[in-house]
Structure formats: C-alpha cells, structure tokens
J.: 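Okay, handing you the structure first.
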Amino acid sequence: MSEQKSRLAIIVPCFNEELVVKTTTERLLEVLDDIISKGKISEDSYVYLIDDGSKDRTWEIINALREKYGERIKGTKFIRNYGNQKALIAGLLGVKEIGCDCVVSIDADLQQDENAIETFVDEFHKGADIVSGIRNDRKTDSFFKKYTALCFYKLMNILGVKIPPNHSDFRLVSKRGLEILSQYPEEGLFLRGFFHEIGLKTAYVHFNVKPRALGSSKFNVFSLTSLALNGITAFSIVPLRIIAAFGVLTMLCSFLLALEVVIEKYILHTTPGGWATLVILLAFFGGLQIFCLGIIGEYLGQIFNEVKSRPRYIKEIELK
Ligand code: UDP
Ligand code: MG
C-alpha cells in the first residue's frame, strides 16, 4: 500500500462555527499526520474549510490557522450563506481545482468519527471511488429529526432512489468522482442522491455519531424540509406519475358514482340524496387538487431555479 501515496483533502463546511473550527481543524491535521506517518497518503495532503457566509469570527480563525499551519490549510469564504449542500459542492470543486486524489467531507462539529477517515482511505486504495459513511445509530438526533429522516429515506426508496438509510455527507470521493461531479451543472444538486446515482464503485463504512461538543445545530425545520423536497424533486418524477394515477382513479370512482345515481333514479325510483356526500367529495377533491398542484409547483420551482442558470454560489475570497 505504501507505494500509493495519494494526496488527500479533507473539506469542512463551516457556518457560524467559531466555537469549534480551531479544535476541529487541529484534530484533522493530527489525523492527516497519523495517516501520513503510516505511508498511506502524501505529505501535501490538506484541510479545506468552506466558510458558508458566517456572521461570527469563523473566517478570522481560518485565516489565523492558515498563518500558523501554512498551505496545509486552504479554504474559501462565500459572500453569503448558501446552505450546507452548496458549501460541500464548493469544497469538492475547490479541491479538484487545487488537486487531490481523494477528498473526505466531514462536519465542522466533528460529530462524525474522524478516526474512520483512515478506513475510508484504505477502502479507496482497495479500489472504491466513493466511500460512504453510514451512521450506526441516530441517538444524537432529536426525536423529530430522527423520524423525519427515517421517513425521508423510506419515501426516497419508494420513489426509486435507493439511498441506504442513515447515510450521511461524511464520505470519500475519488478524483474520478470529482471529474463526474464537475460535469453536472445542476444548481440544486443533492449530493447523497448524486453520488448514489452515478454508480461508481462504492464501499460503506459504519461510524459512531458523537453529540455536538459546542454550538448548536445549524439546521431548522425549514432548511431540513427544503433539503428533503429538493432531494425528492431533483431525483424522482414518481410523484408526478402518482398524480396522474390519482386522476385516473378518481375518474373511475366518479363513473361508479354516476352509475349509482342512475340505478337509484331509474331502477330503485328513489331520489339520489346526498348533500353530505356532495360536500365531503367537494372538500376532499378540492384539497387533493391543491395538494397535487403543490407537488407540480415544487417541480416548477426546481425548473425555474435551473433555467435561470445562476451561479451556485459566489466566493468572496479563496486561500489556495
Ligand atoms: N452548515 C453549513 N451551512 C449551513 C448549515 C450548516 O455549512 O447553512 C455546516 C455546519 O457548519 C456543519 C455542517 O454543515 O459543519 C452540519 O451542520 P450541523 O452540525 O449544524 O448539522 P446537524 O449535525 O445538526 O445535522
Ligand atoms: Mg452536527
């Protein structure tokens, strides 16, 4: 294995992470040193930090780290907050430009087990282009997050996107994976779906999740919902087909209802009754129609965002 001295980059998205960015970066440098000393990666391996428009001292700290550790620390700062997916994409494309053989993405709070990075590298050397970190459990997640996440993966599976549950953005991507990523201009790329879909050789490594040491989660109900909706609309058109199927089904039901009315009037000679039926049906189908329009609207929004072809993000500064 020692003849394969790959250059490893570790990318870390940071949004208002002044409390943890220093300790995390220093810990990651230790991890790099350890893997370097075992001869598995080259000495010019580095950490690349993406400041996702932080309002606190995160960028200042990144600059100080750069001064202290030189070119082992690289990074970029967005002009505003674009969200964790875009920060990750910027990291992946940033290290592709700078140069690396493989890249690992990890959160700034080091909730993912950084010791697993060495196993990721081993899997990469065995020939995997993607090494996906799978959480052993969701003990550190809130009740709400745990169940909504599980529902999301179940739904994605039903919709045909077979991402393993408890998947995370803690993963290794080879240079080949980065080449493919750079050919996808999609604005709203959902990385978990993307790396699953391209079909490169993938290995799975299980890891333990730690509680967040300092600071608080940067996600809220709205950002998580938006991430989930984006994930669905970017990878599956099954919801649109379900709407069409609903249409056919309700048409069939209305034929049956019409038949009932005819039988009541001409065979049973009773007056077709049903104010209550009418109101219930009206309310039900009114709701169903708006719900379906909402789904179509989600896709429309996705198309709208894509056709504008605006840049995914704007970097204010980059330390190469
Ligand atoms: N993050 C980001 N931009 C955002 C939100 C989060 O870059 O708009 C980063 C954050 O700094 C962290 C990672 O994404 O490195 C995961 O965020 P967090 O730990 O808050 O999420 P959780 O662990 O609660 O899912
Ligand atoms: Mg976290």
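Order of listing sets the numbers, starting from 1, for every ligand and every atom in it.
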J.: Check whether Tyr313 forms a cation-pi arrangement with Lys315 (NZ or CZ under 6.0 Å from the six-membered ring centre, at most 45° off the ring normal).
T.: no

J.: Distance under 4.0 Å to a non-hydrogen atom of Gln111: what atoms of ligand 1 satisfy this?
T.: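 Result: 19 (O), 23 (O).
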
J.: Just by modelled atom types, is the Val20 backbone N or O under 3.5 Å from a matching donor or acceptor in the Lys22 side chain?
T.: no

J.: Of all the heavy-atom pairs spanning Ala87 and Pro13, show the shortest one and how long it is.
T.: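 Closest approach of Ala87 to Pro13, heavy atoms only: CB-CB, 3.8 Å.
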
J.: By number and element, which atoms of ligand 1 are closer than 4.0 Å to a non-hydrogen atom of Asn84?
T.: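 Contacts of ligand 1 toward Asn84, numbered from 1: 1 (N), 2 (C), 3 (N), 4 (C), 6 (C), 7 (O), 8 (O), 13 (C), 14 (O).
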
J.: Which residue holds the protein heavy atom closest to atom 5 (C) of ligand 1, what is that atom called, and what is the gap in Å?
T.: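 That would be Lys218 CB, 3.6 Å.
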
J.: Just jot down the ligand 1 atoms closer than 4.0 angstrom to any heavy atom of Arg212, in number order.
T.: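 Result: 18 (P), 19 (O), 20 (O).
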
J.: Under a 3.5 Å cutoff, is there a donor and acceptor pairing between the side chains of Thr233 and Gln302?
T.: yes

J.: Does any N or O in the side chain of Thr202 come within less than 3.5 Å of the main-chain N or O of Leu200, such that one atom is a donor and the other an acceptor?
T.: yes

J.: For atom 15 (O) of ligand 1, grab the closest protein heavy atom and report residue, atom and distance to one decimal in Å.
T.: Pro13 O, 2.7 Å

J.: Specify the protein heavy atom at minimum distance from atom 19 (O) of ligand 1: its residue, its atom name, and the distance to 0.1 Å.
T.: Asp109 OD2, 2.6 Å

J.: With a 4.5 Å limit on heavy-atom distance, are the side chains of Val205 and Phe170 in contact?
T.: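 They are not in contact (no side-chain heavy atoms under 4.5 Å apart), so the answer is no.
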
J.: What part of Asn81 sits under 4.0 Å from ligand 1 if we count only heavy atoms: the side chain, the backbone, both or neither?
T.: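 Side chain only.
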
J.: Relative to atom 2 (C) of ligand 1, which among Tyr82, Phe78, Phe15 owns the nearest non-hydrogen atom?
T.: Phe15

J.: Could you say whether the N/O atoms of Phe219 and ligand 1 ever approach to under 3.5 Å?
T.: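 Among all N and O atoms of Phe219, none is under 3.5 Å from an N or O of ligand 1.
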
J.: Of all the non-hydrogen atoms in the protein, which one sits nearest to atom 3 (N) of ligand 1, and at what distance?
T.: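 Nearest protein contact, heavy atoms only, for atom 3 (N) of ligand 1 is Asp52 OD2, 2.6 Å.
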
J.: Assess the residue pair Glu26 and Tyr69 against the criterion (side chain to side chain donor-acceptor pair (under 3.5 Å)); give the C-alpha distance rounded to whole Å, side-chain angles, the decisive distance to 0.1 Å, and a yes or no.
T.: CA-CA 9 Å; Glu26 289 178 340; Tyr69 297 101; 2.8 Å; yes

J.: Pull out every atom of ligand 1 sitting under 4.0 Å from any heavy atom of Lys145, numbered as shown with elements.
T.: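 Checking each atom against Lys145, I get 22 (P), 24 (O), 25 (O).
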
J.: Atoms of ligand 1 less than 4.0 Å from Cys14 heavy atoms?
T.: 7 (O), 11 (O)

J.: Considering only heavy atoms of Glu17, which atoms of ligand 1 have at least one such atom less than 4.0 Å away?
T.: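 Under 4.0 Å from Glu17, ligand 1 has these atoms: 10 (C), 11 (O), 12 (C), 15 (O).
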
J.: Looking only at N/O atoms, are Ser217 and ligand 1 under 3.5 Å apart anywhere?
T.: yes

J.: Could you tell me whether the Mg ion (ligand 2) has an N, O or S atom of Gln111 under 2.8 Å away?
T.: yes

J.: Using atom types as modelled and distance alone, determine if a side-chain donor or acceptor of Ser309 lies under 3.5 Å from a backbone N or O of Val307.
T.: yes

J.: Which is it for Asp113 and Asn208 under the side chain to side chain donor-acceptor pair (under 3.5 Å) test, yes or no, and what are the steps along the way?
T.: CA-CA 6 Å; Asp113 182 8; Asn208 286 323; 5.6 Å; no

J.: Pull out every atom of ligand 1 sitting under 4.0 Å from any heavy atom of Ala108, numbered as shown with elements.
T.: 12 (C), 15 (O)

J.: Can you tell me if an N/O/S atom from Asp109 lies under 2.8 Å from the Mg ion (ligand 2)?
T.: yes

J.: Is Asp107 touching ligand 1 with its side chain, its backbone, both, or neither, if touching means heavy atoms under 4.0 Å apart?
T.: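 The part of Asp107 near ligand 1 is both the backbone and the side chain.
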
J.: Under the 3.5 angstrom rule, does the side chain of Asn230 hit a backbone N or O of Gly188 as a donor-acceptor pair?
T.: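 Side chain of Asn230 to backbone of Gly188, a donor-acceptor pair under 3.5 Å: yes, one is there.
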
J.: Once the angle between the rings of Phe143 and Tyr147 is folded into 0 to 90°, is it parallel (under 30°), tilted (30 to 60°) or perpendicular (over 60°)?
T.: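 The rings of Phe143 and Tyr147 sit tilted, inter-plane angle from 30° to 60°.
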
